[in-house]
Amino acid sequence: MIKNPFSAIILKEENEDNKGSVEFQVVSFTNRIRRLTSHLELHKKDYLSQRGLRKILGKRQRLLAYLSNKNRVRYKELIGQLEIRETKNH
């Protein structure tokens, strides 16, 4: 059973064995970011969750930079699927 529709998109395109791929990791980070963001809207003073969110954002940003350098086409497709903004550097 898949909880997130975003991971379903990636799993349809790739094998289920490929959970270490950059795309899968970015999708799972994005799902965690969205879940934490909605949590922080209710709990504004939860500073530990804010720190965790910043760490996940940094990890996702580094993975996207790596993907952008290695394969620009896959990067653009992933950005479009997840509906996230492109970084300012690129």
Side-chain angles (χ1 to χ4, degrees):
M1 184 173 126
I2 298 173
K3 293 180 184 177
N4 307 333
F6 297 110
S7 24
I9 292 170
I10 296 298
L11 288 177
K12 286 179 188 173
E13 294 175 358
E14 299 178 6
N15 296 337
E16 290 188 18
D17 300 334
N18 203 3
K19 292 186 178 177
S21 70
V22 176
E23 289 95 342
F24 188 86
Q25 290 181 44
V26 169
V27 168
S28 64
F29 283 145
T30 302
N31 292 331
R32 289 176 63 192
I33 288 168
R34 290 182 177 155
R35 194 170 48 227
L36 268 174
T37 304
S38 65
H39 167 79
L40 287 171
E41 288 173 356
L42 294 174
H43 307 282
K44 294 183 185 342
K45 294 193 176 189
D46 188 354
Y47 299 115
L48 288 176
S49 292
Q50 287 179 10
R51 180 174 184 261
L53 176 63
R54 283 193 298 268
K55 287 180 77 165
I56 295 170
L57 283 168
K59 286 181 185 179
R60 184 180 74 174
Q61 186 177 12
R62 286 192 300 272
L63 280 171
L64 285 172
Y66 169 80
L67 186 61
S68 169
N69 290 334
K70 290 295 178 184
N71 191 337
R72 192 73 177 168
V73 174
R74 283 174 39 197
Y75 170 77
K76 290 284 190 184
E77 289 174 2
L78 187 62
I79 293 290
Q81 282 179 350
L82 295 177
E83 299 172 354
I84 55 180
R85 289 181 295 185
E86 190 171 351
T87 58
K88 293 180 182 175
N89 310 18
H90 299 90

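All values below were derived from every heavy atom in this structure, side-chain atoms included, with hydrogens, water molecules and symmetry-related copies excluded.
In this structure, the separation between CD1 on I56 and CG on L36 is 5.0 Å, given to the nearest 0.5 Å. To the nearest 0.5 angstrom, L82 atom CG is 4.5 Å from T30 atom OG1. Rounded to the nearest 0.5 Å, atoms CG (L64) and CD1 (I79) are 5.0 Å apart. Rounded to the nearest 0.5 Å, atoms CD1 (I84) and CD (Q61) are 10.5 Å apart. The CZ atom of R35 sits 10.5 Å away from the OG1 atom of T37 when rounded to the nearest 0.5 Å. Interatomic distance, CG of L53 versus CG of L40, reported as 6.0 Å (0.5 Å rounding).
Judged purely by distance below 3.5 Å, without hydrogens or angles, the side chains of S68 and R72 pair a donor atom with an acceptor atom.
Contact between N18 and F24 at its shortest, heavy atoms only, is O-CB, 4.1 Å. R34 and E83 make their closest contact through NH2-O, 4.2 Å (heavy atoms, listed as atom of the first residue, atom of the second, distance).
In this structure, K59 has no side chain to side chain donor-acceptor pair (under 3.5 Å) partners at least two apart in sequence or on a different chain.
Put simply, the side chain of E86 reaches to within 4.5 Å of the side chain of Y75, judged on heavy atoms. Contact check for L78 versus L67: side-chain heavy atoms found under the 4.5 Å cut-off.
Panel note: side chain Q25, backbone G20; a donor-acceptor pair is recorded below 3.5 Å.
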Donor-acceptor pairs under 3.5 angstrom involving side-chain atoms of residues 45-52: please list them, not counting sequence neighbours.
residue	atom	partner	partner atom	Å
D46	OD1	S49	N	3.4
D46	OD1	S49	OG	3.4
D46	OD2	H39	NE2	2.8
D46	OD2	S49	OG	2.7
Q50	NE2	K44	O	3.0

